[in-house]
Amino acid sequence: MAELPTRYDPKAVEPKWYQRWLENRDFVANPESSKPAFSIVMPPPNITGMLTLGHVLNNTIQDILARRARMQGFEVLWLPGMDHAGIGTQTAVEKYLRRTENKTRHDLGREEFLRRVLEWQDKHGGIIIEQLKRLGCSCDWSRQRYTLDDAYAAAVQKIFVDLYNKGLIYRGRRMINWDPAAQTAVSDEEVISKPQKGYLYFVRYEIVEEPGRFLEVATTRPETIMADTAMAFHPGDRRYVDLLGKHAWRPLAREKIPVIADEAIDPEFGTGVLKVTPAHDTLDFEIGQRHDLPIIDVLTPAGRVDCPAVLELHGLERFEARKKAAELLQARGLLAKAEPYENNIGFSDRSDVPIEPRISEQWFLRYPKTKEALAVVRDHLIRFFPAHWEKVYAQWLENIRDWCISRQVWWGHRIPAWYRKSQAPSSKSQRSEKIYVGTEPPPDPENWIQDEDTVDTWFSSWLWAYETMDPQTRKKFYPTSVLVTAADIIFFWVARMIIAGLEFKPAKSSKIEDNIPFHHVFFTSIVRDSQGRKMSKSLGNSPDPLELIDKYGADGLRFGLMRIAPTGQDIRFDERQIEEGRNFATKLWNVARFRQMQGSASVPLASKPEAYATLSIFAVEVLARLNETIDAIESAYREYHFNQVAQHLYNFVWSDYCDWFVEAAKTDIFSEDEAKKRSALAVMDLVLSATLRLLHPFMPHLTEEIWSLLGLGKGWIQFAAPPDKLALDAVADVADRRRLVSSIYATVQAGRNLRSASKLPSNRKIRFILRTNDKTISEQIPTLSRLLNAQELTLDPKYTAPAGTPVAVTPLGELFLAIAAADQASERERLDKEIARIAEEARTVEAKLQNNAFVERAPAAVVEEHRRRVADLTAQLTKLKQARDGSG
RNA sequence: GCGCGGUUAGCUCAGUGGUAGAGCACUACCUUGACACGGUAGGGGUCAGAGGUUCGAAACCUCUACCGCGCACCA
């Protein structure tokens, strides 16, 4: 067998294995399998998307779960796909068209534009899928879905029609959130409020009936004054009560408007008077409805002033118009003052421009099954991890409002509604016979015009958990086992999928537990940069995962990221952490390489208690630690604490196995005693085999490579069962043996410390003397000696050290460092310090034992431990003092 | 305003009642028959602050401060 290189080369190994897995169809789910099902649907990335660290985190977690389940004997479906992302994709293509051809979508027309999007999609779309393959994702690519697949699109249409027929979807003229940049309505969830600096303008409205008397009103939006249709104050506000029923002169587009009283006005705010602008503010709209006020719209869809009556403002962009309106009022002496003011403004999540509240005719969904959706999470039919998201979810559902689902966007699922030609969509008539809603066009299409709009992208995504599956697949794999997603789409997607599952009942039975879309939801962290900022293109703080894969390997990236991914908290990304992942891969590679260099063990270690009797004490220790690691990992997985799983594996491999076991086992490995040698090698094989299997979900390529190079199993590691705990408990003296190992390791550390304190170089071979009456320790001398890098370690129960000999009190006895010309003064100083330190600690522990309350109330084991500690410290003190005073 | 997180070593974070931890960074020594992407040893923390519960609190309770997030308000 050729010797392996000292560095693991992911560039050669990772693509090789991924290709083999694909060729072997290892990730293809079989709905006819008799194995229990485990399924995940991938949150579909946008077709325009590029892989981000967020995707890496999210998909690594899904891959870990899928691969682990596969090893555990589940039939696994990990269903991948993409989202057409209506507004997002349309905006991207529009930008591209503007850049390349200087054309807008309107220049091209609907049909041509959609053709261009498809063209663009073929060229630039779906890159992210190839990127996920580089990461090692074990998705069933044969089932890759797209939210615009024919069958999927038909399902979206059908759902729309069904909900319409149930009366849950309706068309209405309402106040909605208008995005003037994208020129479409958006849902409440797509509005992000941000603090914004501006001015509070105090405007004077003259009272019609009392010329010379002014009503002062505070507003942030003077550009909408032309749309004011009333002035309002709180009915209990004495300052203005005499004005009720009178009128004010609207200062721009001068007109008489009534003064009214409404409960909604906060007398504390500003002057306690509100200018009521029903067309441009949600609250004002409601007031307008109550008082039957006219609605005057003075803004265009693009957010420009549309008011020929005030030529100075007409055609101005809304924020320019704001300044100009203030100037006009100022010039007319109607602006009392303008105070700097900061308030929260709703911004479009998509375009990042301020949302314009606007009255518009749109399609709405009255959410069904909200009570049931609350209940399934409250009663833990669906569990959230971390659980605190349950509260966020509940709050949203309890305050839910109808969902505006229509978008003035061309790219997406077209609304399956038609209007009689004489009753075009702009018509206010809503009589049902004038609207046709159906999955097929109306029988006499020439008389109808289809609604121009498409539905919100999320109105298609909410079916993702089951519409991606054919009936047979659904029967086997729905409900899915777990959904892995970022918490920022808990409302957009998670909650709506739950509602969809409960309402549309896609399962084989109508039972609630069969129709929920998933049993668990794991909310991942959000990856931020080292300064805690969100990753964003404009900040340029988002590293390219592909570059990280090139640099550190996919497995290094995966492991590094998982080790720092806490649950329920954001991740601060630091490339050094990925470097650690790569280093860990190298460490594992090298310890496997070392094993390979030692040749065959001939006989594998049988997993029977009898076999354990002949093991070295160090083997028992590492196997016991392996058992503990398996337990720890198991419970960490139960809570989706992937960082803990990774950390336990890291510690076990690096510390327990490499630093301690392998170093200690070298005595046997390099010895002439064939039985001992074979035993040590067999233990290494067992531990490596188990470790690789435990690590496989995190580092699939590397573990597969080592598994195959070392010939640890018959087939590929991805189909190997996870390691069982060893039946060590059946071995009578495990505890004694482990205590001995721990004493030996403590002695080694004490000896190394002596060397360092005496300023002896690491490579200098030196002599140690261990003074002890324990004769059984003599068989461990070679290993102790090796670990201490000693020239010689002698056991001498009666050793008398010259004064000033460096000494450490260890669990095995006093360990002396024999050096010819030790600096006696400095050694004495060191001992003094050591004695003082131990005496201090002994005093502290003793004081505690003096405390009756402690002795009476604390658990016996704890008290006992303290007693032992005192005895131990006292013994150490005595011995150290002897050593210092040279009387030993 | 309501709610949810967080505050532990220079940095990133573990730690759910019993002697304060890991990795990185730092210091010193070391290329010793797997690994310098490595080994050994070391320095470094009044666990945000105040009060309380307890024999005992980083942990549990209350309050405060600061950071982040969500919802509401946002004239």
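Computation of the quantities below employed the complete heavy-atom set of this structure, encompassing side-chain atoms and omitting hydrogens, waters and symmetry-equivalent molecules. The chains referred to below are lettered A, B, ... by the order of the sequence lines, with proteins before strands, and numbering in each begins at 1.
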Query - Nearest-angstrom distance from the residue atom NZ of Lys587(A) to C1' of rA22(B) - result: 16 Å
Query - Shortest side-chain distance from Asn763(A), nucleotide among rC24(B), rC30(B), rG3(B) - result: rC30(B)
Report task. Using the P atom on both, measure rA65(B) against rA72(B) and round to a whole Å. Result -> 25 Å
Requested in this report: Between rC67(B) and rC24(B), how far apart are the P atoms? Round to whole Å, please.
Outcome: 33 Å
Query raised in the report: Do the side-chain N or O atoms of Lys551(A) get closer than 4.0 angstrom to the phosphate oxygens (OP1, OP2) of rC37(B)?
Result: no
**Report entry** Whole-Å gap separating P (rU12(B)) and CD (Gln647(A))
**Finding:** 17 Å
Query raised in the report: Once you round it to whole Å, what is the distance between C1' of rG23(B) and CE of Met562(A)?
Result: 17 Å
Query - Distance in angstrom units between Gln196(A) CD and rC73(B) P, rounded - result: 18 Å
Query - Spacing between Asn177(A) atom CG and rC74(B) atom P, to the nearest angstrom - result: 14 Å
**Report entry** rG3(B) phosphate, OP1 or OP2, under 4.0 Å from Lys391(A) side-chain N/O
**Finding:** no
Query raised in the report: Arg764(A) has an atom CZ; how far is it from atom P of rA41(B), in whole Å?
Result: 19 Å
Query raised in the report: Has Asn399(A) got a side-chain N or O lying under 4.0 Å from the OP1 or OP2 atom of rC71(B)?
Result: no
**Report entry** Arg593(A) side-chain N/O to rA34(B) phosphate OP1/OP2 under 4.0 Å
**Finding:** no
Query raised in the report: Going by the angle between their ring planes, with limits at 30° and 60°, are Tyr201(A) and Tyr199(A) parallel, tilted or perpendicular?
Result: tilted
Requested in this report: Tell me yes or no: between the side chains of Asp188(A) and Asn177(A), is some donor less than 3.5 Å from an acceptor?
Outcome: yes
Query raised in the report: How are the rings of Phe559(A) and Phe584(A) set relative to one another: parallel (under 30°), tilted (30 to 60°) or perpendicular (over 60°)?
Result: parallel
Query raised in the report: Nearest-Å distance, CD (Glu663(A)) to P (rC30(B))?
Result: 19 Å
